[in-house]
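Model, not experiment: these values are computed from the prediction. Residue numbers run from 1 in the order of the sequence given.
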Amino acid sequence: MLTQVAFSPNIYSSPFKLNSFYSRVISRPLSSHRTTVVKTFRIIAGSSSTSGRQSRAIPFLKAPPSLDGSMVGDVGFDPLGFSSIIDLRYLRESELKHCRIAMLAVVGFIVQEFIHLPGDVFSNPHPMQAIGQVPVAGWVQIFLLVAILEMIDIAAIKETLQGNREPGYFGFDPLGLAKDKQAHDRYLLSELKNGRLAMIASIAFMVQSSRSNEGIIAQLTHFKLPF
């Protein structure tokens with residue numbers, strides 16, 4: 001089923017809200033596309049001011065119309081207006097994916113300073129320098145794993161855009177914590193908050209360790225600044 005969905009192209013399952021005028025766009029003369037681009041950027045720039053609801057994330061701006069507060073974790077943050085041109089379910093799927101990767105990355109940054117696989121190639125405690133020591137066979141395994149996961153995710157996104165699946169849902173709840181909708185929404189909000197923080201933290205970890213040439217925990221032991 002997943003394989004069938006993943007490899008069956010369907011223009012009406014596209015996350016971009018372009019289906020209603022797709023045929024007209026490709027049939028229009030090239031000279032008219034400049035006006036379309038300008039209008040599109042005006043829509044994006046003005047999307048924050050067309051809603052009556054104030055953004056909780058950016059209090060001095062209006063929330064975009066599509067961010068009406070009905071989705072868990074919606075705080076009206078969309079300064080570039082992506083929600084005006086891309087399906088909100090696709091954006092939530094993408095956010096959850098990046099949240100989960102970032103949370104794993106933050107844990108990995110810390111754990112790899114102390115725990116390594118056997119062999120000298122895995123012995124470097126510096127998280128950024130250790131990347132350069134990964135052998136070719138290791139990179140091949142990483143890319144193959146990522147490719148398989150992306151194929152599964154493509155199928156899942158198509159299911160979401162067709163209304164058959166909640167964004168980011170893979171049925172992973174081994175402890176049975178989400179017993180009802182209220183509990184599910186509470187844990188989903190916690191995942192989003194921790195994931196958003198992890199995305200910021202992972203970028204900070206990369207910059208800090210690159211500037212200081214030390215691991216994250218190693219820096220905390222003496223609070224050495226990178227400048």
Closest contact, heavy atoms only, Pro127 versus Gly215: CD-CA, 4.1 Å
So do [Y] and [X] actually touch side chain to side chain, heavy atoms under 4.5 Å?
X      : Y      : answer
Arg165 : Glu93  : yes
Asp153 : Phe170 : yes
Leu104 : Arg100 : no
Met71  : Leu91  : no
Ile200 : Arg196 : no
Trp139 : Ile131 : yes

Mark yes when over 12 heavy atoms from residues, nucleotides or ligands other than His98 sit less than 6.0 Å from its NE2; otherwise mark no. no
Greater than 12 external heavy atoms within 6.0 Å of Phe143's CZ: no
To the nearest 0.5 angstrom, please state how far the [atom1] atom of [X] sits from the [atom2] atom of [Y].
X      : Y      : atom1 : atom2 : answer
Leu145 : Glu150 : CG    : CD    : 10.5 Å
Asn124 : His116 : CG    : NE2   : 8.0 Å
Arg89  : Ser94  : CZ    : OG    : 15.0 Å
Phe77  : Leu67  : CZ    : CG    : 10.5 Å
Gln208 : Met128 : CD    : CE    : 12.5 Å
Leu189 : Asn194 : CG    : CG    : 9.5 Å

Short side-chain to backbone donor-acceptor contact, [X] and [Y], under 3.5 Å:
X      : Y      : value
Glu113 : Ile217 : yes
His126 : Ser209 : yes
Glu191 : Leu96  : no

Applying side chain to side chain contact (heavy atoms under 4.5 Å, CB included), run through Tyr187 and Asp173 and close with a yes or a no. CA-CA 11 Å; Tyr187 284 111; Asp173 186 15; over 6 Å; no
Side chain to side chain donor-acceptor pair (under 3.5 Å) partners of Arg92, counting only residues at least two apart: Glu95
Begin with the C-alpha distance, continue with both residues' side-chain angles, and end with the deciding distance and a verdict on side chain to side chain contact (heavy atoms under 4.5 Å, CB included) for Leu161 and Tyr90. CA-CA 7 Å; Leu161 295 177; Tyr90 180 85; 4.3 Å; yes
Do Ile110 and Met103 share a hydrophobic cluster (ILVMFWY, side-chain heavy atoms under 4.5 Å, transitive)? no
